[in-house]
Amino acid sequence: MSAHDAFVANRLAAFAAARPGFRTRFAPAPTGWLHLGHAVNAVWVWSVARAFGGRVLLRVEDHDRLRCRPEYEAGVLDDLDWLGLTADDAPTVTYRSWGPHPVRQSDRNAIYAAALAGLEARGLAYPCRCSRRDIARVVGEVPHAELRYPGTCRHAAVPPAETLARRVRMADGTERSTDLRLGEMVQVPAEQCGDMLVRDRHGLWTYQFAVVVDDLAQEIALVIRGEDLLASTGRQRRLAALLGGAPPDVLHHPLVRHPDGEKLSKSSGDTGLRDLRAAGWTPERVLGLAAHLGGLAPSPAPLAAGALASLWR
Ligand code: GLU
């Protein structure tokens, strides 16, 4: 273990002492096949859970019905099975035998609707008729991740029947938190994203909303995910507070990048687990490489799922 990992391990040990049997989760979006980037996340999630006495919940984040496909979901579950990564919330031993019922966001419409209704009843959410193009006209063409809603519909009293889109008010003020790996974080949601879209005009729940409602409902104490979602933490904490819940602690791990610096994308077939399987890789070889790429092992030596806790010893 490197000195840096020892620092993280100490923080995790303190966290686990305060939250014995804590729940964490693996939350893939079935918009493509699993690739090495997911395997890195999975190794972080399962190794932390196994080493510090946590439990892993599997949640299929298929809130985006336009991009998710059942065959991707089946592929994700099958790859996890193959890797030997079994969730602790599973009613049966392997995902294959779950049949059609893993925890999946597309089954939770009523739960999100109730959460939104609660916010609306308190005047915290409002209908928004702005398209992405409308917003760009006001704030200019900026990358989606940096788009800050300018508040056009905040006081426009858009009739609720006119659109399904709803935003939640993000009041001014900072969100402070401690990432278990990166330390203190200060974020200002009102400046980063402005009022948050929770349901779009097609009626689709957004990632930000669904993930917060689910993490609260499923009593997730620790979120372990890649650094690409770091900027979301403040707004998710704010949303959790508005929903009356205690937000989970977070740990953001390094992202795996291509040698050219690009983030691994689901379309990059060269790192797809299916391709590695087809090329004769063993689960141990994939897990060992993922542990190494994720900064948890000094070399890509093969590693069995049952030995993941050893990464922290
Ligand atoms: N579903 C997200 C993904 O596939 C992860 C969300 C999260 O960990 O908060 O990247």
Side-chain angles (χ1 to χ4, degrees), residues 22-49 54-69 72-73 75-77 79-80 85 87 89 102-108 112 144-145 175 177 179-182 185 187 189 192-193 196-198 204-240 243 245 247-257 262-268 271-273 290 294:
F22 65 90
R23 262 190 181 179
T24 185
R25 58 10 176 228
F26 183 67
T31 53
W33 309 111
L34 283 193
H35 58 72
L36 269 177
H38 293 107
V40 168
N41 180 240
V43 165
W44 269 89
V45 168
W46 264 274
S47 72
V48 166
R55 296 173 62 76
V56 180
L57 184 142
L58 177 77
R59 181 167 72 223
V60 177
E61 299 215 320
D62 60 349
H63 57 95
D64 184 346
R65 291 198 309 269
L66 305 178
R67 291 173 57 225
C68 293
R69 301 217 310 245
Y72 290 143
E73 180 186 303
V76 167
L77 301 182
D79 281 344
L80 286 176
L85 300 176
D89 62 323
V103 175
R104 121 160 35 94
Q105 290 184 323
S106 59
D107 292 333
R108 297 169 65 76
Y112 306 131
H144 180 60
E175 284 294 328
S177 56
D179 184 285
L180 294 185
R181 174 173 156 262
L182 300 170
M185 287 194 299
Q187 297 180 349
Q192 290 175 287
C193 60
M196 273 171 65
L197 192 67
V198 299
L204 296 180
W205 302 102
T206 63
Y207 154 70
Q208 300 285 359
F209 189 62
V211 82
V212 172
V213 172
D214 288 346
D215 283 340
L216 291 179
Q218 298 172 330
E219 297 178 359
I220 301 299
L222 178 61
V223 166
I224 301 173
R225 62 188 180 196
E227 280 177 6
D228 53 338
L229 286 166
L230 193 58
S232 293
T233 304
R235 68 198 69 163
Q236 291 181 2
R237 291 178 66 83
R238 178 68 63 84
L239 203 45
L243 290 167
D249 280 27
V250 291
L251 185 159
H252 290 89
H253 58 72
L255 284 182
V256 187
R257 294 189 181 275
E262 280 293 299
K263 188 181 141 185
L264 275 189
S265 88
K266 295 175 191 187
S267 53
S268 47
T271 61
L273 298 196

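Each ligand, and each atom within it, is numbered from 1 in the order the structure gives.
Listed by number with element, the atoms of ligand 1 under 4.0 Å from a non-hydrogen atom of Tyr207 are 6 (C), 7 (C), 9 (O). For ligand 1, the atoms sitting less than 4.0 Å from at least one non-hydrogen atom of Glu61 are 1 (N), 2 (C), 5 (C), 6 (C), numbered in the order shown with element in parentheses. Of all atoms in ligand 1, numbered sequentially from 1 with element shown, those under 4.0 Å from a heavy atom of Arg25 are 7 (C), 8 (O), 9 (O). Atom numbering of ligand 1 starts at 1 in the shown order; those under 4.0 Å from a heavy atom of Ala27 are 1 (N), 2 (C), 3 (C), 4 (O), 5 (C). For ligand 1 and Val211, the ligand atoms under 4.0 Å from any heavy atom of the residue are 9 (O).
Contact between Gln236 and ligand 1 is absent, with no heavy atom of the residue lying under 4.0 Å from the ligand. Not a single heavy atom of Val223 sits less than 4.0 Å from an atom of ligand 1.
Looking at ligand 1, you won't find any N or O of Ile224 less than 3.5 Å from one of its N or O atoms. Residue contacts with ligand 1: His38 is placed with no nitrogen or oxygen under 3.5 Å of a nitrogen or oxygen of the ligand (distance criterion only).
Of the possible donor and acceptor atoms, one in the side chain of His63 sits under 3.5 Å from a partner among the backbone N and O of Trp205.
Under 3.5 Å, the side chains of Thr233 and Gln187 contain no donor-acceptor pair of N or O atoms. In summary, the side chains of Gln236 and Tyr207 do present a donor paired with an acceptor at a separation below 3.5 Å, with no hydrogens or angles considered.
Aromatic ring orientation, Trp33 versus Tyr72: perpendicular (interplanar angle above 60°, classes split at 30° and 60°).
Neither the backbone nor the side chain of His63 has a heavy atom within less than 4.0 Å of ligand 1. Of all the heavy atoms of Leu229, the ones lying under 4.0 Å from any atom of ligand 1 belong exclusively to the side chain.
Here the CG atom belonging to Leu239 is positioned 10.0 Å from the CD atom belonging to Glu175, to the nearest 0.5 angstrom. Distance CG/Leu230 to NE2/His252: 5.0 Å, rounded to 0.5 Å. A distance of 6.0 Å separates OG1 in Thr271 from NE2 in His35, rounded to the nearest 0.5 Å. The structure places CG of Leu216 at 6.0 Å from CG of Leu243, a figure rounded to the nearest 0.5 Å.
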